[in-house]
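See structure below.
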Amino acid sequence: MKATIVTIGDEILIGQIVDTNSVFIAKSLDRIGVEIHEMISISDHKQHILDTLKKLQNKVDLVLITGGLGPTKDDITKKTLCEYFGDTLVINKEVEAHVIDLIERVMKRPASQMNKDQALVPSKCTVLHNQVGTAPGMWMKKENTVFISLPGVPYEMKYLMEEEIIPKVVKEYQRPYILHKTILTYGQGESLVAERIEDWENNLPTFIKLAYLPSPGRVRLRLSARGTDKALLEKAIADNIVSLAKIIGDIIVGFEEEDTIEVVLGRLLTQQNKTIATAESLTGGKIAQILSAVPGASHYFKGSVVSYATETKISILGLSEELIKEHSVVSAEVAKEMAIAIKRIMKTDYAIATTGNAGPSKGDSNAKIGTVFIALATPDQVRVEEFDFGQPRDKVIDRTVNKSLEMVQKEILKNLL
């Protein structure tokens, strides 16, 4: 079963907003065995929309459209769908009642005619009730393709995907199983990893595909299996991971399902009832931002000090000027004291500290650009590691963030064994 995701809106094409809707829709469909055939972003012009619908007709089973369902005059999706299906707009009384109630009860103002027009839907569509907004979703079928129209507002789209569309697809369609397993590797580039596992990759079963997902400092290897026998797929992936570990076990640092490393780390900290804080110099609070973006992070993430300037390390973290003068601001000794200080200040079980030269200039240190020290304070000790992350600046910072999170994850997992 195949699906295409279409986002409508000039604001996406000119880079004014980032299309996060397609990512969420793709992940939601993938979980239930729907293959994503392609993602398309198009302008909000009627002919462009019509041409796209015609192009996709009978080529995929599902077309999911987001955008163009608001109350303003430039939102044209409903009218264009009517033209494509040879249909007319009619008032849906249930949607109208919901819109009036939402506007008057929640927003405390009279519902305008523009608001009420949200209840206009094509007469042939199945209405998908939008409990959290005014624009309903619409489900329309033509020949072998179902066209599903969703509002572009992310939280409204997510509600309809989770509460209306996914249950309906599961109920009405037979789908294969799609299983993913991602192996996290660190310390070697994509080409070197590919060379090491070439024979293993060539001997994978035909129903398992391997994808290389490189990023600064690490390569993720994603195995994707597709078929009707779930037990067979699970065993095949497990067996091939065991054989892979025999080849590159020295660089495997963990596994990822659908969750990112920060989500996995948050889950581990929560399960162990442990807390963490960060003291960041070159990373400028990026580790803290990533940790705090996870829902429920307040249970384990206690805070951060972005001690970017040398004087901040002294005045806020309490590092001594003598220590910094003797060893340099970019040093193992300074990283260690930063971790100890933030752990003490925040009263946490773990603490991460980063200091280094990301470039382009050397700042308060003569250390080589790309030199990074990461300190991890645990309940029992403080460990510092030195890295040469090269250039450019963004790469150095991203690799430092990734490595910091991996160091914490490995430490916690080690203590669980």
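Quick note: numbers below take in every heavy atom, side chains included, and nothing from hydrogens, waters or symmetry partners. All residue numbers in this chain count up from 1 along the given sequence.
A pairwise comparison of heavy atoms in Met161 and Ser28 identifies CE-CB, 3.8 Å as the closest pair. What you find for Thr275 and His299 is that their closest heavy atoms are CG2-O, 4.1 Å. Of all the heavy atoms in Ala335 and Ala375, the pair that sits closest is O-CB, 3.2 Å. Residues Glu156 and Val132 share a closest heavy-atom pair of CA-CG2, 3.9 Å.
Between the side chain of Thr283 and the main chain of Lys286, no donor-acceptor pair closer than 3.5 Å is present. Side-chain atoms of Arg175 come within 3.5 Å of backbone N or O of Ile32 as a donor-acceptor pair. For Thr378 (side chain) and Gln381 (main-chain N/O), a donor-acceptor pair under 3.5 Å exists by modelled atom type. Using modelled atom types, no side-chain atom of Glu321 and backbone atom of Ile314 make a donor-acceptor pair closer than 3.5 Å. When atom types are taken as modelled, the side chain of Ser328 and the backbone of Ser331 share no donor-acceptor pair closer than 3.5 angstrom. Using a distance-only test at 3.5 Å, with no hydrogens or angles considered, a donor-acceptor pair links the side chain of Glu280 to the main chain of Gly285. Judged purely by atom type and a 3.5 angstrom limit, Asn357 has no side-chain atom pairing as donor or acceptor with the backbone of Thr371.
Within a 6.0 Å sphere centred on CG of Asn273, heavy atoms belonging to other residues, nucleotides or ligands number 12 at most. Atom CD of Glu94 has 12 or fewer neighbouring heavy atoms from other residues, nucleotides or ligands inside a 6.0 Å radius. Counting non-hydrogen atoms of neighbouring residues, nucleotides and ligands closer than 6.0 angstrom, the NZ atom of Lys336 reaches no more than 12 such neighbours.
With Val63 as reference, Thr145 is the one residue of Ile5, Thr145, Ile148 to meet the side-chain contact (heavy atoms from CB on, under 4.5 Å) rule. No option in Phe373, Phe389, Phe387 other than Phe389 meets the side-chain contact (heavy atoms from CB on, under 4.5 Å) test with Thr400.
Residues Glu172 and Lys168 are paired through a salt bridge, judged by an N-O separation under 4.0 Å between the basic side chain and the carboxylate. Ion pairing of Lys343 with Asp349 is absent here, as no side-chain N (NZ or NE/NH1/NH2) approaches a carboxylate O to less than 4.0 Å. Using a cutoff of 4.0 Å between basic side-chain nitrogens and carboxylate oxygens, Arg383 and Glu385 are scored as salt-bridged. Using a 4.0 Å cut-off between a side-chain N of Lys or Arg and a carboxylate O of Asp or Glu, Lys235 and Asp239 qualify as a salt bridge. A salt bridge is absent between Glu337 and Lys313; no separation between the charged side-chain nitrogens and carboxylate oxygens falls under 4.0 Å.
Ring planes of Phe147 and Phe85: perpendicular class, angle over 60° (limits at 30 and 60°).
Within the 4.5 Å cutoff, the side chain of Gln409 has heavy atoms near those of the Val264 side chain.
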